[in-house]
Amino acid sequence: MLIVDAVLETVDTAAFSLWPVADLPSYRLLALSHSMSPPEVGTAMATLAVYNSPTSADDRPVTDAAEQIHRLLAADRVIAPGGLRLHHTDLDVTVSPGCCFGLEDWREWLDVLKGSTPWLGHDPSPRIEHVGPVIRLWPDGADLAEAPATRPIEIPVSDLAETLH
């Protein structure tokens, strides 16, 4: 069975004080779902807040939760570190999102239906390979010319749209 999770990569929230957050380690993939606890939701929102905080010296610091939420809602684009994580339970293979291909880029997966091979990030470097009517999703296949260390997840292209849905 194939399980797809939207995940965020958590940030250090030790100094975050705008709302309650879970005591989670930094750089952990947090699955976004209806079963998250309120502090986990707080951590997800804190990750978005920290990752999308102003970097200009002209921007004044955020002073309360309402202002931070307003800034996120007003942003043209919100960067969400993480992405889609796929786990095949029968194979016990997990493909985690690579760095620099965030959750905000998830729609690029739809281009695979048209034969595209999107870049899925680095460290790890997941890779898509088209093989006839299936795609092979390699957990860390930056260079498939070398023998990969893991097995791929194979997904029929005809099933991909529903899998992403």
Of the non-hydrogen atoms in [X] and [Y], which two are nearest, and what is the gap between them?
X	Y	result
Leu103	Ala6	CD1-CB, 4.0 Å
His130	Gly115	NE2-O, 3.3 Å
Phe16	Ala49	CE1-CB, 4.2 Å
Trp109	Phe101	NE1-CE2, 3.8 Å

[Y] reachable from [X] in the ILVMFWY side-chain graph, under 4.5 Å edges:
X	Y	result
Val11	Tyr27	no
Trp106	Leu32	yes
Met36	Ile3	no
Ile153	Val4	yes
Tyr51	Leu29	no

Might you work through the side chain to side chain contact (heavy atoms under 4.5 Å, CB included) test for Val157 and Val134, ending with a clear yes or no? CA-CA 5 Å; Val157 175; Val134 301; 5.6 Å; no
Would you please test Lys114 and Val112 for side chain to side chain contact (heavy atoms under 4.5 Å, CB included) and show each step? CA-CA 5 Å; Lys114 302 173 198 166; Val112 175; over 6 Å; no
Donor-acceptor under 3.5 Å ([X] side chain, [Y] main chain):
X	Y	result
Gln68	Ala65	no
Glu104	Ala80	yes
Arg151	Leu91	yes
Thr47	Thr43	yes
Ser37	Glu40	yes
Asn52	Val78	no
Asp5	Ala31	no
Thr10	Arg28	yes
Thr89	Met1	yes

Give a yes or no on whether Asp23 atom CG has more than 12 heavy-atom contacts from other residues, nucleotides or ligands under 6.0 Å away. no
Looking at [atom1] of [X] and [atom2] of [Y], how far apart are the two atoms once the value is rounded to the nearest 0.5 Å?
X	Y	atom1	atom2	value
Leu137	Leu160	CG	CG	9.5 Å
Arg136	Ile128	CZ	CD1	13.5 Å
Trp138	Ser125	CH2	OG	14.0 Å
Asp64	His70	CG	NE2	11.0 Å
Thr117	Ile135	OG1	CD1	9.0 Å
Ser96	Leu84	OG	CG	11.0 Å

Using a strict threshold of under 4.0 Å (side-chain N to carboxylate O), is an ion pair present between Asp105 and Arg77?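 Here Arg77 pairs with Asp105 in a salt bridge, since their nearest N and O are under 4.0 Å apart.
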Test item: [X] and [Y] side chains (from C-beta on) under 4.5 Å apart, heavy atoms:
X	Y	value
His122	Cys100	yes
Pro139	Val93	yes
Leu164	Leu110	yes
Leu72	Met45	yes
Leu120	Pro97	no

Dump the intermediate steps for side chain to side chain contact (heavy atoms under 4.5 Å, CB included) on Val95 and His87, then the final yes or no. CA-CA 6 Å; Val95 178; His87 177 73; over 6 Å; no
